[in-house]
Amino acid sequence: MPGESVQTAGELRAQLVARGARWSVSEHLADGERVPRPSLGLEPGVNLTPAAEAGTVDLRALVGHPSGNPHLTRRRAAHGLLTDVDAAAAGAEAEAGVAVPAGPSRWTGGRAGAGPG
């Protein structure tokens, strides 16, 4: 339905049937009732820049540093977002393994220090 604008629940139901859709409009909406269009939370053009007008985003400036989460750091390194030094440090950390705190968990039945199995 891209490019088409349905106005009522009845129009939407008819288009869904015509296209063989596997979902339907909520039964509590009468055929003549307008299709609800929830707010996006922003007024277009006021504080929201259309994608066609937005500049590029420099991900390296936003997340181009190691994270406290070693998994995120490895993903950032894998996508080339870290400097060579940071990526090397992330690789060394991955080879050393990730420390898992010994404490009660659902796998140990509440016994601290007991591993899975």
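All residue numbers in this chain count up from 1 along the given sequence.
- Here the side chains of R13 and D31 are in contact, with some heavy-atom distance below 4.5 Å.
- Nearest heavy-atom pair, S5 versus R37, reported as atom, atom and distance to 0.1 Å: OG-NH2, 3.8 Å.
- Side-chain atoms of H71 and R75 form no donor-acceptor pair, as typed in the model, at a separation below 3.5 Å.
- In terms of heavy atoms, R76 sits closest to V63 at CD-O, 3.2 Å.
- In terms of heavy-atom proximity, T73 sits nearest to S67 at OG1-N, 2.8 Å.
- Atom CG of residue L72 and atom CG of residue L81 lie 11.0 Å apart, to the nearest 0.5 angstrom.
- Here the CG atom belonging to L12 is positioned 9.5 Å from the OG atom belonging to S24, to the nearest 0.5 angstrom.
- Contact record, V25 with L16: CG2-CD1, 3.8 Å, taken as the closest heavy-atom pair.
- Contact detail for G64 and L82: the closest heavy-atom pair is C-CD2, 3.7 Å.
- Of all non-hydrogen atoms in E33 and L29, the two that sit nearest each other are OE2-CD2, 3.4 Å.
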